[in-house]
Amino acid sequence: MTHLKPETMGQQFGRRSWAEPWKIKMVEPLRMISREERERALVEAGYNTFLLRSDDVYIDLLTDSGTSAMSDRQWAGMMLGDEAYAGSRNFYHLEGAVQRHYGFRHVLPTHQGRGAEHLISQVAIKPGQFVPGNMYFTTTRLHQELAGGQFVDVIIDEAHDPQDLHPFKGDVDLAKLGALIERVGAGQIAYVSLAGTVNMAGGQPVSMANLRALRELCISHGIRLFLDATRLVENAFFIQEQEAGFAERSIAEIVLEFCSYADGAWMSAKKDNLVNIGGWLAVNDDELFEELRNLIVVYEGLHTYGGLAGRDMEALAIGIEESMQDDHVRSRIGQVRYLGELLTDWGIPIVQPVGGHAIFLDARRFYAHLVQDEFPAQTLAAELYLDSGIRSMERGIASAGRDAKTGDHNRPKLELTRLTIPRRVYTQAHMDVVAESVKAVHDERESTRGLRMTYEPKYLRFFQARFERL
Ligand SMILES: Cc1ncc(COP(=O)(O)O)c(C=O)c1O
């Protein structure tokens, strides 16, 4: 019998291994139910992974939103909640952390990201105006539309090609934006909506050079620029690693410079900021802030809590500090890349380059025999769950919804299934199990049938839609 010489993963890839900059203090048991039980659970959930019970899931890669493990310091902070209705001391800690790390003057807490999206959309968009952005995000675009705006995609073409290796696929195509300004006039543009990294493109980053040029274009036309800062820390990692002149700058410094080119930002703190719930909205302009501060009491709560408990704001203030640490970001993205390396090595089609928060399986190439109207990415999410109890998410035709004017499906070029890695939650062994399951489903791909939608809700249909097998 021959024995293979054991090698660490680092050795297999010809480099030294890295490790997480933390150790585990508390564990949450996982359970895998049987294949028959998974089949029953999936039918009950209408083949929609959002409708599964978490107790029926083994490794949960549905989302990185609100699924992070908090640190001992954050949990200690939870005990220091000042639950006063107004003027909680935890609010001032949060305000200080946002000002220090993101650089904006005025800060409002919100219950989560879409609370902030709602407020900025209502205040900064006049009905009939256009909102150019670097690819749409589901909730962001819907709030822009509900405020009477029309989203226009101005991301570079490379972002729509899962195999293009452009290092900054989140960049704005300034010629596309310039053409829009020319066509409709600067006065008809509410603001530019810039996300870093770009979730729907595969967690792809925006370069600092592109942002600087974008800022100049905006200033020359008097157009405001707002950021979706949800994964800006991860975006900063790519700038540090791949953009000339940033290798010696810290993540915190890069985030601060990035924000200095914007008029404000909204945040789903459930991602980068390492909390289970929370968000914020921050702007520089006094008058704009005045309006937002008034509107927030209608929808979220008083401007010093905005839908959050004092303890939530304390955990968030600490989470912001921790999220900026270079070794944390390196290991977070290192884990995503580790899974990406395994899958790439095995010839599984994924979005390249690997982005910040997830591996995006390219369902078009995975199930080349399925047409897009048979929901290949939704099918792949269902098959992965059946194989191993791993929960992923569709990011394709179901997520893209319908065209507001024609009522037909939006048919995005990208038809993806997202394996989203929660921060500080799973180990390398979990990633191995995930990779092996993807490979098993890939091996069976040719005999897999697609899905038909049997129930379609009006808003953000991917959350609650139901399907059945064709
Ligand atoms: C890029 C981006 N923006 C905004 C949001 C909305 O944030 P929330 O889920 O906290 O409402 C998300 C959440 O998934 C997101 O990924």
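- Partners of Glu44 under the salt bridge (Lys or Arg N to Asp or Glu O under 4.0 Å) rule, at least two apart in sequence or in another chain, do not exist in this structure.
- The shortest distance between side-chain heavy atoms of Phe168 and Val206 does not fall below 4.5 Å.
- Side-chain atoms of Asn48 come within 3.5 Å of backbone atoms of Phe50 as a donor-acceptor pair (strictly under, hydrogens ignored).
- Crowding of Glu216 atom CD: a count of heavy atoms from other residues, nucleotides or ligands under 6.0 Å not exceeding 12.
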Report the C-alpha separation of Ile59 and Arg391 in whole Å, then their side-chain angles, then the decisive distance to 0.1 Å, and conclude whether the side-chain contact (heavy atoms from CB on, under 4.5 Å) test is met. CA-CA 6 Å; Ile59 297 176; Arg391 172 152 68 172; over 6 Å; no
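- Interatomic distance, OG of Ser193 versus CZ of Phe151, reported as 7.0 Å (0.5 Å rounding).
- The line from CZ of Phe104 to CH2 of Trp280 is 6.5 Å long, rounded to the nearest 0.5 Å.
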Kindly determine whether Glu158 and Lys413 satisfy salt bridge (charged side-chain N to carboxylate O under 4.0 Å, His left out), including the steps that lead there. CA-CA 11 Å; Glu158 288 87 335; Lys413 285 197 184 137; over 6 Å; no
Apply side-chain contact (heavy atoms from CB on, under 4.5 Å) to residues Tyr136 and Asp153 and explain how you reach the verdict. CA-CA 7 Å; Tyr136 85 99; Asp153 190 3; over 6 Å; no
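- Salt-bridge check for Arg212 with Glu243: failed, with every basic side-chain N at 4.0 Å or more from each acidic carboxylate O.
- Look at Arg73 and Glu314 and you find no salt bridge, because none of the NZ, NE, NH1 or NH2 atoms lies under 4.0 Å from a carboxylate O.
- Between the side chains of Asp362 and Gln163, no donor-acceptor pair of N or O atoms lies under 3.5 Å.
- Lys271 and Ser65 form a side-chain donor-acceptor contact under 3.5 Å, judged by distance and modelled atom types alone.
- Distance check, rounded to the nearest 0.5 Å: CD1 of Ile397 to CD of Gln372 gives 4.5 Å.
- In this structure, Asp272 contributes its side chain and Val233 its backbone to a donor-acceptor pair below 3.5 Å.
- Counting only distance, with no hydrogens or angles, the side chain of Glu300 and the backbone of His111 share a donor-acceptor pair below 3.5 Å.
- Residues Pro422 and Ser68 are not in side-chain contact: their nearest non-hydrogen atoms beyond the backbone lie 4.5 Å or more apart.
- No donor-acceptor distance shorter than 3.5 angstrom exists from the side chain of Arg114 to the backbone of Thr139, with no hydrogens or angles considered.
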Would you sort out whether Arg423 and Glu234 count as a salt bridge (charged side-chain N to carboxylate O under 4.0 Å, His left out), showing the intermediate values? CA-CA 12 Å; Arg423 295 164 186 79; Glu234 291 170 8; 2.9 Å; yes
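- Residues Arg395 and Glu415 have side chains not in contact (no heavy-atom distance under 4.5 Å, counting atoms from C-beta outward).
- His101 and Glu321 form a side-chain donor-acceptor contact under 3.5 Å, judged by distance and modelled atom types alone.
- Under 4.0 Å is where a charged nitrogen must lie from a carboxylate oxygen, and between Glu341 and Arg15 at least one such pair does.
- Here the two rings, on Phe375 and Phe467, have centers that are under 6.0 Å apart.
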Evaluation steps, side-chain contact (heavy atoms from CB on, under 4.5 Å), between Val152 and Val131: CA-CA 6 Å; Val152 182; Val131 190; over 6 Å; no
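- Side-chain atoms of Thr344 and Gln352 form a donor-acceptor pair, as typed in the model, at a separation below 3.5 Å.
- Side-chain contact check for Leu80 versus Arg311: every heavy-atom pair is 4.5 Å or farther apart.
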For salt bridge (charged side-chain N to carboxylate O under 4.0 Å, His left out), just list the numbers for Asp56 and Arg38, CA-CA rounded to whole Å, side-chain angles, deciding distance to a tenth of an Å, and then say yes or no. CA-CA 7 Å; Asp56 294 337; Arg38 293 201 294 278; over 6 Å; no
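- Atom OG of residue Ser121 and atom CG of residue Leu146 lie 8.5 Å apart, to the nearest 0.5 angstrom.
- In this structure, the side chains of Met9 and Leu342 come closer than 4.5 Å at one or more pairs of heavy atoms.
- Ring centroids of Tyr338 and Trp18 are separated by 6.0 Å or more, keeping the two rings apart.
- Met200 contributes atom CE, which lies 8.0 Å from atom CE of Met135 (distance to the nearest 0.5 angstrom).
- Using a 4.0 Å cut-off between a side-chain N of Lys or Arg and a carboxylate O of Asp or Glu, Lys176 and Asp157 qualify as a salt bridge.
- Shown here is Arg364, whose CZ atom has more than 12 heavy atoms of other residues, nucleotides or ligands within 6.0 Å.
- When each of Ile333, Ile251, Leu274 is paired with His328, the side-chain contact (heavy atoms from CB on, under 4.5 Å) condition holds for Leu274 and for no other.
- Of the N and O atoms on the side chains of Gln11 and Arg16, not one donor lies less than 3.5 Å from an acceptor on the other residue.
- Across every non-hydrogen atom of Thr49 and Ser392, the tightest pair is OG1-O, 2.8 Å.
- Taking 4.5 Å as the limit, some side-chain heavy atom of Glu383 sits within range of a side-chain heavy atom of Thr448.
- Residue Met431 holds its CE atom at 7.0 Å from OG1 of Thr427, rounded to the nearest 0.5 Å.
- Using modelled atom types, no side-chain atom of Arg461 and backbone atom of Ser399 make a donor-acceptor pair closer than 3.5 Å.
- Glu248 CD: 12 or fewer foreign heavy atoms inside a 6.0 Å radius.
- A salt bridge between Arg224 and Asp263 is absent, with no side-chain N of the basic residue lying under 4.0 Å from a carboxylate O of the acidic one.
- Arg424 is not listed as a side-chain neighbour of Arg332, based on a closest heavy-atom distance of 4.5 Å or more.
- With salt bridges taken as basic N to acidic carboxylate O contacts below 4.0 Å, none links Asp161 and Lys169.
- Between His357 and Phe360, the ring centre distance stays below 6.0 Å.
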Please step through side-chain contact (heavy atoms from CB on, under 4.5 Å) for the pair Tyr426 and Leu61, ending with a clear verdict. CA-CA 10 Å; Tyr426 291 115; Leu61 306 186; 3.9 Å; yes
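- Judged by distance alone, the side chains of Thr417 and Glu394 never bring a donor and an acceptor atom under 3.5 Å apart.
- A tilted orientation is assigned to the rings of His143 and His118, their planes being inclined by 30° to 60°.
- No donor-acceptor distance shorter than 3.5 angstrom exists from the side chain of Glu444 to the backbone of Val441, with no hydrogens or angles considered.
- For the residue pair Gln112 / Ser268, no side-chain donor-acceptor distance below 3.5 Å is found, with atom types taken as modelled.
- Ion pairing of Asp373 with Arg411 is present here, as a side-chain N (NZ or NE/NH1/NH2) and a carboxylate O approach within less than 4.0 Å.
- Annotation: side chain of Phe246 is in contact with side chain of Ile254 (closest heavy-atom distance under 4.5 Å).
- With no hydrogens or angles considered, no side-chain donor-acceptor pair links Ser250 and Asp326 at under 3.5 Å.
- In terms of heavy atoms, Arg466 sits closest to Gly46 at NH2-N, 3.3 Å.
- Shown here is Phe463, whose CZ atom has more than 12 heavy atoms of other residues, nucleotides or ligands within 6.0 Å.
- Side-chain contact annotation: Ser388 with Ser437, donor-acceptor N/O pair under 3.5 Å present.
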